[in-house]
Amino acid sequence: MPFTHLPTLLAEALSARGYAAPTPVQASVIEPQAEGRDLIVSAQTGSGKTVAFGLAIAPQLLTEDEGRLPPPRAPLALAIAPTRELALQVSRELEWLYAKAGARISTCVGGMDASRERRSLSHGAHIVVGTPGRLRDHIERGALDLSNLKAVILDEADEMLDMGFREDLELILDASPEGRRTLMFSATMPKSIVALAKRYQKDALRISTVGEDRGHGDISYQAVTVAPADIENAVVNLLRLHEAETAILFCATRDNVRHLHAGLIERGFAAVALSGEHSQNERNSAMQALRDKRARVCVATDVAARGLDLPSLSLVIHVELPRDAETLQHRSGRTGRAGKKGTAILIVPYQRKRRVEMMLRGARIAVEWMNAPTVDDIRKADKSRLMTMLMEDVEIDEDDRALGAQLLEKKSPEDIAAALVRSYRARMPAPEEMIEASGSGAGGASREAGKEHHRDGFDDVVWFRMDIGRRQNADPRWILPLICRRGHITKNEVGAIRIAANETMFQVPSAIASKFMSAVKRTEGQEAEGAVQFEAVQGGPEQAERAPRRANGPAPVRHAPRPTLRPAGGATRRPRS
């Protein structure tokens with residue numbers, strides 16, 4: 001349906017921007033039943049929320065006779081966003097929407113010149129857009145007068161609470177007039193949002209345009225199971241398989257962002273990083289590189305990536321698993337925006353698959369489970385892309401045609417075509433061999449559990465046992481790198497692997513058994529996740545089943561598999577605006 005019953009100047013602004021009809025959330029907030037009421041709106045990122053709340057507050061801002069704004073004094077509306085990027089984006093949207101109405105909009109965000117913001121506020125403003133910490137600072141300094149406020153908008157309210165801004169938001173809302181409208185926009189509605197709404201809203205109208213099955217209907221969810229040591233290789237192969245115009249990779253900590261970003265740059269990816277350690281100038285530079293296509297990959301933490309607006313973003317990779325389904329939807333919501341299709345991929349270490357399955361099932365998110373792309377998968381995709389690219393019609397100038405003719409005189413068409421293919425492949429980062437793909441050789445990881453194959457060097461072996469098995473989701477693909485890492489041996493030095501219900505046994509040549517066990521003892525306690533007991537056993541698995549546990553072996557050593565990227569940890573810190 002077309003826009004109806006809108007102030008003339010706003011309707012003209014929408015028409016000039018190419019808006020023919022409202023999105024579902026925009027249509028909902030301008031219906032007669034919503035006029036003048038507090039609103040609590042659940043809508044996905046990229047659904048047109050900013051224009052929606054801009055239209056919703058128009059009756060409180062514009063004069064009835066001329067449909068324009070009065071002279072700027074104390075602000076009439078306050079919009080609060082979780083990050084600088086989102087606040088600046090909101091400000092830009094409101095500027096064009098209210099430009100014909102003569103709006104003066106002030107932006108107050110962390111990382112900018114606070115004294116300049118105070119001067120702008122002193123000259124008067126109709127709408128103020130800012131982040132919680134900076135707005136609180138201006139209020140406490142007396143630079144921001146909220147006495148004339150008609151409406152307060154909390155954009156992505158759930159994220160602001162997740163980021164630790166509850167105290168700031170409560171101070172701002174407490175300082176606002178009693179009769180104001182309070183509009184809360186959020187992708188999800190956890191209990192913390194419901195409690196905030198109950199305290200600061202009156203007779204709020206609940207509006208939801210989010211599907212019942214999952215938060216983002218235009219996003220395809222995939223889950224890739226990998227060995228913990230293969231996480232970074234899986235990232236490389238996923239990027240190469242999809243070749244997305246723009247992709248974002250989520251890590252848990254700034255250290256992991258730095259590590260992964262460096263690894264991608266070393267491999268030849270055009271990548272930028274966003275985390276709490278980067279200055280505003282560095283963030284602006286990274287965003288500009290993504291927008292003008294100088295960079296195609298962004299490695300970021302959750303906080304740093306909030307509020308990003310990248311229309312070309314089509315791929316989100318959760319390199320480290322989100323803590324819950326809401327965080328998963330926030331991260332994934334960077335893509336699949338405004339009707340466009342997107343893909344969100346979770347990289348799941350084998351031992352955490354059950355936890356992820358439970359999280360996805362509880363959130364009613366449909367996901368496709370698959371293995372990480374192999375080198376062959378990527379080469380096949382490259383061939384298809386190359387054929388498509390070369391078959392496209394292009395304009396060829398006379399110089400290029402003349403050079404082509406000279407080449408044909410000296411080389412065959414087949415040789416020239418092969419050189420073109422080689423040149424194309426040389427520009428692309430090389431795919432990585434995955435443990436699953438490379439396990440068909442030595443090492444026993446790809447052999448069926450319980451089957452032994454004689455190999456040179458394994459006539460004289462020592463059996464070792466770990467206290468994890470099928471019931472603990474044990475899998476050779478992550479057990480093998482665990483054995484190699486903790487025992488300081490290679491996969492070629494691991495023989496048969498047998499996985500039972502509650503334990504796993506494996507062979508190590510007798511010549512290196514003592515060295516292996518010494519290495520395991522030296523690295524005791526260095527693992528971050530859980531604990532797995534190692535012990536040597538006399539004889540083979542059949543004798544071990546009849547013998548008491550640890551009857552003739554050394555005391556077990558506790559450790560567990562560790563992902564390549566370091567886990568998040570440390571004290572909780574109050575985020576910066």
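In what follows, residues are counted from 1 in the order of the sequence shown. Quick caveat: nothing in here was measured; it's all calculated off a predicted structure.
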*asked:* How about CE on Met358, more than 12 heavy atoms from neighbouring residues, nucleotides or ligands closer than 6.0 Å, or not?
replied: no
*Quick one: does Leu346's side chain get under 4.5 Å of Leu321's, heavy atoms only?*
yes
_Could you report the tightest heavy-atom contact between Ile219 and Thr343, atom names first, then the distance?_
CG2-C, 4.4 Å
*Using salt bridge (charged side-chain N to carboxylate O under 4.0 Å, His left out) as the criterion, list what pairs up with Glu243, not counting sequence neighbours.*
Arg240, Arg296
*Report the distance from atom NZ of Lys341 to atom OG of Ser314, rounding to the nearest 0.5 Å.*
13.5 Å
*Can you name the closest pair of heavy atoms from Ser186 and Asp158 and give their distance?*
OG-CG, 2.7 Å
*When rounded to the nearest 0.5 angstrom, what distance separates NE2 in His138 from CG in Leu146?*
11.5 Å
*Without swapping roles, check the side chain of Glu282 against the backbone of Ser279 for a donor-acceptor pair under 3.5 Å.*
yes
*With a 4.5 Å limit on heavy-atom distance, are the side chains of Leu249 and Val297 in contact?*
yes
*Do side-chain atoms of His242 reach the backbone of Leu239 as a donor and acceptor pair under 3.5 angstrom?*
no
*Quick one: closest heavy-atom pair of Leu260 and Cys251, and the distance?*
CD2-SG, 3.8 Å
*Hey, can you tell me if Phe185 and Phe53 have their rings parallel, tilted or perpendicular (30° and 60° cut-offs)?*
perpendicular
*More than 12 heavy atoms from other groups under 6.0 Å of CD on Glu277*: yes
*asked:* Taking side-chain contact (heavy atoms from CB on, under 4.5 Å) as the criterion, tell me which of Leu9, Leu61, Leu62 meets it with Arg68.
replied: Leu9
_With heavy-atom distances below 4.5 Å as the criterion, would you say the side chains of Arg254 and His278 are in contact?_
no
Which pairs would a plain distance check flag for residues 99-110, meaning a side-chain donor or acceptor within less than 3.5 Å of a matching protein atom at least two apart in sequence or in another chain?
unit_1, atom_1, unit_2, atom_2, d
Arg104, NH1, His123, O, 2.7
Ser106, OG, Ser120, OG, 2.9
Thr107, OG1, Ser91, OG, 3.0

*asked:* Within the 3.5 Å criterion, strictly below it, is a donor on Ser332 or His318 matched to an acceptor on the partner's side chain?
replied: yes
*If we only count heavy atoms from C-beta on, is the Ile193 to Leu161 side-chain gap below 4.5 Å?*
yes
*Would you give the length of the straight line joining atom CG of Leu313 to atom OG1 of Thr335, rounded to the nearest 0.5 angstrom?*
4.5 Å
_Whether His126 side chain and Arg73 backbone form a donor-acceptor pair below 3.5 Å_ = no
*Report yes or no: does Glu320 contribute a side-chain atom to a donor-acceptor pair with the main-chain N or O of Ala252 at less than 3.5 Å?*
yes
*Sequence neighbours excluded, which residues qualify as ring-ring contact (aromatic ring centres under 6.0 Å, His included) partners of Trp369?*
none
*asked:* I'd like to check the salt bridge (charged side-chain N to carboxylate O under 4.0 Å, His left out) partners of Arg385; sequence neighbours left out, ordered by chain and number.
replied: Asp382
*Report yes if the side chains of Leu328 and Tyr221 come closer than 4.5 Å at any heavy-atom pair, otherwise no.*
yes
*asked:* Test your reading of the model: is there a side-chain donor-acceptor pair from Gln201 to the backbone of Leu39, 3.5 Å cut-off?
replied: yes
_All ring-ring contact (aromatic ring centres under 6.0 Å, His included) counterparts of Tyr98, not counting sequence neighbours_ = none
_I need the minimum non-hydrogen distance between Ala125 and Pro72, along with the two atoms involved._
N-CB, 3.8 Å
*Does any non-hydrogen side-chain atom of Glu167 lie less than 4.5 Å from one of Arg136?*
yes
*Quick one: does Gln26's side chain have a donor or acceptor within less than 3.5 Å of a partner on Gly48's backbone?*
yes
*Please report the shortest heavy-atom distance between Leu149 and Pro75, naming the atom on each side.*
CD1-O, 3.5 Å
*For Val224 and Asn371, what are the C-alpha separation, side-chain angles and deciding distance, and is it a side-chain contact (heavy atoms from CB on, under 4.5 Å)?*
CA-CA 5 Å; Val224 173; Asn371 294 323; 5.9 Å; no
*Residue pairs, two or more places apart or on separate chains, that pass salt bridge (Lys or Arg N to Asp or Glu O under 4.0 Å) and touch residues 170-182*: Arg166-Glu170, Glu170-Arg199, Asp174-Arg199, Glu178-Lys202
*Main-chain N/O of Thr182 paired with Asp38 side-chain donor or acceptor, under 3.5 Å*: yes
*Inter-residue atom distance Asp377.CG - Leu238.CG, 0.5 Å rounding*: 10.5 Å
*More than 12 heavy atoms of other residues, nucleotides or ligands under 6.0 Å from NZ of Lys293: is that the case?*
yes
*Any idea which heavy atoms bring Pro132 and Ile80 closest together, and the distance?*
CG-CG2, 3.8 Å
*Just do the side-chain contact (heavy atoms from CB on, under 4.5 Å) check on Val25 and Val51 with the steps written out, would you?*
CA-CA 9 Å; Val25 66; Val51 171; over 6 Å; no
_Using a 3.5 Å distance criterion without hydrogens, assess whether the side chain of Ser312 forms a donor-acceptor pair with backbone atoms of Thr246._
no
*Pairwise distance CG(Leu10) to CG(Leu55) - rounded to 0.5 angstrom*: 6.5 Å
_Quiz question: by atom type and distance under 3.5 Å, do the side chains of Ser115 and Asp113 form a donor-acceptor pair?_
yes
*Ile57/Lys150 under side-chain contact (heavy atoms from CB on, under 4.5 Å): CA gap, chis, key distance, verdict*: CA-CA 8 Å; Ile57 62 175; Lys150 305 298 182 185; over 6 Å; no
*How long is the gap from CZ on Arg134 to CG on Asp168, to the nearest 0.5 Å?*
12.5 Å
*Please tell me if the side chains of Leu78 and Leu135 come closer than 4.5 Å, counting only heavy atoms from C-beta onward.*
yes
*Donor-acceptor pair, Asp230 side chain versus Asn233 backbone, under 3.5 Å?*
no
*Pair Leu88-Thr83, side-chain contact (heavy atoms from CB on, under 4.5 Å): steps then yes or no*: CA-CA 9 Å; Leu88 294 172; Thr83 65; over 6 Å; no
*asked:* Counting C-beta onward and ignoring hydrogens, is there a side-chain heavy-atom pair between Leu274 and Val299 closer than 4.5 Å?
replied: no
*Is there a donor-acceptor contact under 3.5 Å from the side chain of Ser28 to the main chain of Pro24?*
yes
_Applying side chain to side chain donor-acceptor pair (under 3.5 Å) to Asp255 and Thr253, what does each step give before you reach the verdict?_
CA-CA 5 Å; Asp255 286 341; Thr253 68; 5.2 Å; no
